[in-house]
Trainee: 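Mind looking over this structure? Questions follow.
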Amino acid sequence: MYQKPKGTRDIFGDELKRLETMNAVARSFFGQQGYQEIRTPTFEFATLFDRSIGETTDIVEHEIYKFEVNRKWYALKPEGTAPVLRAFIENKLSLPARFLYICSMYRRERPQKGRYREFLQIGIELLGESEAFYDAEIIDQGKRYLDLIGAKGFNIELNSIGCPECRRAYRERLGTYLEPNISKLCADCRRRFEHNFLRIFDCKKETCHKVYDKAPKITDNLCKDCAAHYDGVKMYLRKYGIEYAENKKLVRGLDYYTRTVFEFKHRGLGAQDTIIAGGRYDLLMKELGGPNTPCTGWAMGPERLLLTMPKEVPHIDKEVTFYVVGMGERYMDEIIRLRNDIQARGHVCISGNPDAPLKQQIKKADKVGTAYTVIYGEDEEKEGVYAVKEMKTGKQTKIQREDFKAFIERI
RNA sequence: GUGGGUGUAGCUCAAUCGGUAGAGCAUUGGACUGUGGCUCCAACGGUUGGGGGUUCAAGUCCCCUCACUCACCCCA
């Protein structure tokens, strides 16, 4: 028996409907906010991600699906931001620009609850705006989207990780503090400090955090401009009436972030509790060969969001309303014509095989959950009627053939 | 990549100390020949994930392997 590859899923039924509802709400809501939907390729040249995400991050080091064809290396996209910027540059689009993307992403991780190797992301990117006002704006939009979809129970965590300039000075201070404590740190942290020093705060080990609790934080060591920017973000968030918690240890796993970073976490979801995450990336566009352009954005995991929501989320739905059965091959033409008529009037309608025993046909009608079963055979032909059985009550009535259209329209 | 848990009928799960693999639901048929659901009766359904080992005897114990799942790591 064939099996799907690890970490992939078949999505259908109720779950698919709910995911599609999220997409539909995202398109209409962010559309109103001036976001244009963009769809970038499922695979890109691998170097795009090495450059943007950071060559020493775990994503690039061992989570990307890479393949070589004709001596060229490709990668399934592990995230959406770099492709959007690449598309912006390549198509010579103009600033400021707002993009919405809804795409599958791919990362070769061990699957667990709320984490798959092929997973969806809904994300927004706001290109060409540098002010703190816009960081607050996209956070507000994220929150309003969650409200709109009916999601509850989120905490917003906020931090600023500054620019390369503040980081250079801060790294020295942190190094001086850590030096006498280096023996207390785990091997991972020692390695992290060497080539990606901010990431040490991502460590989950208590022993390491005992050291970090008293360590100087980047947030308290920002340069003048970055500090003012961060104060601005907080000020605008307060004006929006958005509650947030400062988390000075919040850093993020992708190298391209500057200044503002944030996460929307769900209380009591377990390990995969980050539903929306993002921040500012003022240097990435230039890094990818485009104009010097400040940008900010975030991405959301719809599958994870779904885990936080009650089952009875409204969704666009179509139930089977009619099932047409006949009493023998003779009535096939009439059955098919009737079925097509009902479908043309916007109802879901299935026809049974008129050669099968009536009992069997009705049983199938019941199984697919039809509201009405329409029966046509010898008796009905003689009387010029359709027999219509309301499945819920079992009540069966005869409807004149010429009255039938009116009947459908009342349903 | 590292650790834990779980794999028995289509599904959910039993099976005592190692001693003939079982139930409910689902499916199919019948009771009921042009009428589904409810009830009753019957039938169908298995390489116990796969491979090896120990034993007179393995679903059960041991080793390997695969899959699923949770957690670490990392991330949406």
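Reminder, nothing fancy here: chain letters follow the sequence lines and each chain counts from 1.
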Trainee: Answer with base, sugar-phosphate or nothing: what part of the nucleic acid does A/R110 contact at a heavy-atom distance below 4.0 Å?
Mentor: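 A/R110: base contact, heavy atoms under 4.0 Å.
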
Trainee: Is the count of non-hydrogen atoms from other residues, nucleotides or ligands lying under 6.0 Å from A/R51 atom CZ greater than 12?
Mentor: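 Result for CZ/A/R51: open.
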
Trainee: With sugar-phosphate meaning primed atoms plus P, OP1 and OP2, does A/R117 contact a base, only sugar-phosphate, or nothing at under 4.0 Å between heavy atoms?
Mentor: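 Touches nothing.
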
Trainee: Look only at the side chain of A/D282 and the backbone of A/C295, and say whether a donor-acceptor pair between them is shorter than 3.5 Å.
Mentor: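 Yes, because the side chain of A/D282 sits within donor-acceptor range (under 3.5 Å) of the backbone of A/C295.
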
Trainee: Roughly how many Å is it from CZ in A/R107 to C1' in B/G1, rounded to a whole number?
Mentor: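 Interatomic distance, CZ of A/R107 to C1' of B/G1: 18 Å.
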
Trainee: Show the numbers, then the answer: is there a side-chain contact (heavy atoms from CB on, under 4.5 Å) between A/E129 and A/T296?
Mentor: CA-CA 8 Å; A/E129 301 286 10; A/T296 186; 5.9 Å; no

Trainee: Just to be sure I understand the rule, does A/F264 reach a base, reach only the sugar-phosphate, or reach nothing, if contact means heavy atoms closer than 4.0 Å?
Mentor: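 No contact.
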
Trainee: If we check side chain to side chain contact (heavy atoms under 4.5 Å, CB included) with A/F404, which of these qualifies: A/V385, A/V388, A/D341?
Mentor: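 Exactly one candidate clears the test, A/V388.
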
Trainee: Enter the distance from A/Y170:OH to A/I161:CD1 here, rounded to the nearest 0.5 Å.
Mentor: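 It is 11.0 Å, given to the nearest 0.5 Å.
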
Trainee: Produce a footprint string for nucleotides 27-42 of chain B: one letter per nucleotide, 5' end first; B if the base is under 4.0 Å from any protein heavy atom, S if only the sugar-phosphate is, - if neither.
Mentor: SS-----BBBB-----

Trainee: Looking at A/R108, does any N or O in its side chain come under 4.0 Å of the phosphate oxygens OP1/OP2 on B/C73?
Mentor: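 No, outside the criterion.
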
Trainee: Specify the separation, in whole Å, of atom NZ of A/K113 and atom C1' of B/U69.
Mentor: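 These atoms are roughly 10 Å apart.
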
Trainee: With a 4.0 Å cut-off on heavy atoms, is A/A365 in touch with a base, just the backbone sugar-phosphate, or nothing at all?
Mentor: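 Nothing, no heavy atom under 4.0 Å.
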
Trainee: With a 6.0 Å cut-off on ring centres, are A/Y372 and A/F407 close enough?
Mentor: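 Ring centres of A/F407 and A/Y372 closer than 6.0 Å.
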
Trainee: Can you list the steps and then say if A/M327 with A/L358 is a side-chain contact (heavy atoms from CB on, under 4.5 Å)?
Mentor: CA-CA 7 Å; A/M327 302 294 306; A/L358 181 63; 3.6 Å; yes

Trainee: Under 6.0 Å between the ring centres of A/Y106 and A/Y65?
Mentor: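 No, the ring of A/Y106 stays outside the 6.0 Å limit from the ring of A/Y65, centre to centre.
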
Trainee: Between the base of B/C73 and the side chain of A/R115, is one N or O donor paired with an acceptor at under 3.5 angstrom?
Mentor: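 Donor-acceptor pair under 3.5 Å: yes.
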
Trainee: Checking A/Y323 against A/M391 for the side-chain contact (heavy atoms from CB on, under 4.5 Å) test, could you report, in this order, the C-alpha distance in whole Å, the side-chain angles of both residues, the deciding distance, and whether it holds?
Mentor: CA-CA 10 Å; A/Y323 200 101; A/M391 297 301 275; over 6 Å; no

Trainee: Hunt down any stem RNA chain B takes part in, defined as 3 or more consecutive Watson-Crick or G-U pairs whose two distances are each under 3.5 Å.
Mentor: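 Consecutive-pair runs (3 or more) involving RNA chain B: B:1-7 with B:66-72, B:10-13 with B:22-25, B:27-31 with B:39-43, B:49-53 with B:61-65.
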
Trainee: Using a cut-off of under 3.5 Å, enumerate the N/O to N/O pairs linking the protein to nucleotides 64-68 of chain B.
Mentor:
{"residue": "B/A67", "atom": "O2'", "partner": "A/Q3", "partner atom": "NE2", "Å": "3.4"}
{"residue": "B/C68", "atom": "OP2", "partner": "A/K6", "partner atom": "NZ", "Å": "3.3"}

Trainee: For a quick check of understanding: with a heavy-atom distance under 4.0 Å over all strands, which category does A/G114 fall into, base, sugar-phosphate or nothing?
Mentor: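 Since a base atom lies under 4.0 Å of A/G114, the category is base.
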
Trainee: Quote, to the nearest angstrom, the P distance that separates B/G45 from B/A23.
Mentor: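 Here B/G45 and B/A23 have their P atoms 14 Å from each other.
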
Trainee: For the residue pair A/F30 and A/W298, is the inter-centroid distance of their aromatic rings smaller than 6.0 Å?
Mentor: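 Here the rings of A/W298 and A/F30 have centres that are less than 6.0 Å from each other.
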
Trainee: Using atom C1' in both nucleotides, what's the gap between B/G29 and B/U33 to the nearest angstrom?
Mentor: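 The same atom, C1', in both gives a distance of 14 Å.
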
Trainee: Using the C1' atom in both, what is the distance from B/C11 to B/G46, to the nearest Å?
Mentor: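 Per the computed distance, 15 Å lies between those C1' atoms.
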
Trainee: Distance between the C1' atoms of B/U60 and B/G18, in whole angstroms?
Mentor: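 Pairwise C1' distance, B/U60 against B/G18, rounds to 6 Å.
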
Trainee: For the pair A/N91 (side chain) and A/L93 (backbone), establish whether a donor and an acceptor sit closer than 3.5 Å, ignoring hydrogens and angles.
Mentor: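 A pair under 3.5 Å: no.
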
Trainee: Between the base of B/C75 and the side chain of A/Q112, is there any donor-acceptor pair under 3.5 Å?
Mentor: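 Absent.
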
Trainee: I would like to know whether A/F133 and A/M235 meet side-chain contact (heavy atoms from CB on, under 4.5 Å); could you show each step before the answer?
Mentor: CA-CA 9 Å; A/F133 174 83; A/M235 185 267 286; over 6 Å; no

Trainee: Select from A/I276 and A/P111 the residue whose nearest nucleotide in RNA chain B is closer to the 5' end of that strand.
Mentor: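 On the 5' side of the pair lies A/P111.
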
